[in-house]
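Notes follow once the structure below has been shown.
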Amino acid sequence: MQFSESLINWYSINKRSLPWRETKDPYSIWLSEIILQQTQVKQGLPYYEAFLSEFPTVFQLASADESKVLKLWQGLGYYSRARNLHAAAKYIVNELNGRFPSTYKELLTLKGVGDYTASAIASICFNESAAVVDGNVYRVLSRYYGIDIPINSSKGTKEFKTLAQELIDKKDPANFNQAIMEFGAVQCKPHSPDCTICPFKDSCEAFNKNLINQLPVKIKSAKAKKKYFNFLVFISGDGKTILEKREGKGIWQNLYQFPLMETEAEMDFDAFKRQIEAHEFAKDMPFELSLYNEKSVVHKLSHQHLYTKFWIVNVESLKTEGVSIEKVDQFAVPILIGNFIEAFSF
DNA sequence: AAATCGGGGCT
DNA sequence: AGCCCAGATTT
């Protein structure tokens, strides 16, 4: 039996039961693929259910406000996915009359849809022989064929795509693609896979040369930089606080946060009080400062470690409009802020 | 080619 | 602490 055939056979026996495997509706598949980018099934599953329930078709998604889409996405991370999902939905409804793109090439024109996602939708929904190459596929192919080209080098990206495209079962691209990914997720796991029960143990290069733990090879990324975040949690006498929308570049675009003061180092109470006394907002505005967390909350992102303190600033009244405290939980916020709001409960 | 963009889970 | 996850986009 050929590699592809064995793989599909393995899949038919071992595949997990997942909601997006019960449909070929391109909108549903698209939604699942965007949610699952760099996201484990367990984490993405409740979001998939929530989105499909709130927005059953691309038309409802297109009609929604972005703020609502981001609120539903809250906690999942990589928020450009939500913004691009929404923009693409509007494009499909307004420019394509709601007709979903049906080829790899057309799918690539959607915001947030790259090589992997276009291949996934084209194969699963439209039977196109476009090979997917995700983290699972890199791992399975690099081990089975003993390929040590770094998977995140430009050469590696091309080579693995070419190899996957050669292997794909053109009679059943949908099942081949899902089979190789599922095999990577369930059997050919990153850490200590049980190779003794693997159907490919006889022909797997990495297993037979004892290279399972060396493959795949990946170029290391730079270490995360430390940042020091100080959030000002205003509380006014009439029960309001301040939330600001994050604009421009950087993390958490279009999400809300308490006014942020970033510092070069961790701030203690006296130093921070002096700093904000000198700040614009404090002019003719008496305030009482207290520190919510003496120990910084460390929020770890891929490229930043955020050392965070929440400063409670009690004032009589706000200079700006502000937000009623009971409405705070209607805003989409980073989970770092959301956790604070939940714990503090005003 | 390298950096950026989240958050959770696992070792 | 380091690595991975049904990657895409920008620099």
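Note that the structure is a prediction, hence the values are computed from the model and not measured. Sequence lines set the chain letters: A, B, ... in the order given, protein chains first and strands last, and positions in each chain run from 1.
Taking only side-chain nitrogens and oxygens, A:K300 comes nearer than 4.0 Å to OP1 or OP2 of C:dA1. Between A:Q304 and B:dT4, a side-chain N or O to OP1/OP2 separation shorter than 4.0 Å is absent. Remark: A:W73 is not in phosphate contact with B:dG7, judged by side-chain N or O atoms under 4.0 Å from OP1 or OP2.
Just one residue in the list A:K161, A:E128, A:Q165 forms a side-chain hydrogen bond (donor to acceptor under 3.5 Å, both in side chains) with A:S119, and that residue is A:K161. The one candidate from A:F346, A:W311, A:F340 that meets the ring pair (Phe, Tyr, Trp, His ring centres under 6.0 Å) condition with A:Y292 is A:F340.
Among the heavy atoms of the strands lying under 4.0 Å from A:K220 are primed sugar atoms or P, OP1, OP2 only; no base atom is included. Within the nucleic acid shown, A:G44 has no heavy atom closer than 4.0 Å to any nucleic acid atom. The residue A:I35 sits apart from the nucleic acid: no heavy atom pair falls under 4.0 Å.
The interatomic distance linking A:R81 (CZ) with B:dG6 (P) rounds to 9 Å, in whole Å. Here C:dC3 presents its C1' atom at 11 Å from CD1 of A:I151, a figure rounded to the nearest Å. In this structure, CD1 of A:I251 is placed 11 Å from C1' of B:dT4, rounded to the nearest angstrom.
A salt bridge does not link A:R81 with A:E33: every distance from a Lys NZ or Arg NE/NH1/NH2 to an Asp or Glu carboxylate oxygen is 4.0 Å or more. Between A:E54 and A:K68, at least one side-chain nitrogen of the basic residue sits less than 4.0 Å from a carboxylate oxygen of the acidic one, meeting the salt-bridge criterion.
Comparing A:H303 and A:H299 against DNA chain B, the residue whose closest nucleotide sits nearer the 5' end is A:H303. Ranked by how close their nearest DNA chain B nucleotide is to the 5' end, A:I335 and A:K225 are led by A:K225.
In DNA chain B, consecutive stretches of 3 or more Watson-Crick or G-U wobble pairs with both distances under 3.5 Å are given as paired ranges: B:1-5 with C:7-11, B:7-11 with C:1-5.
The same atom, P, is picked in B:dG8 and in C:dA8; the two are 22 Å apart, to the nearest Å. Taking atom P in both C:dA6 and B:dA3, one finds a spacing of 25 Å when rounded to whole Å.
In summary, the aromatic rings of A:Y11 and A:F176 are positioned with their centroids too far apart to meet the 6.0 Å limit.
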Letter by letter from the 5' end, nucleotides 4-11 of chain C scores (B base, S sugar-phosphate only, - none; protein heavy atoms under 4.0 Å) SBBBSS-S

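Within the 3.5 Å criterion, the main-chain N or O of A:N254 finds no donor-acceptor partner in the side chain of A:R83.
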request  = Run the numbers on A:M181 and A:Y116 for side chain to side chain contact (heavy atoms under 4.5 Å, CB included), then give the verdict.
outcome  = CA-CA 12 Å; A:M181 290 190 284; A:Y116 164 79; 3.4 Å; yes

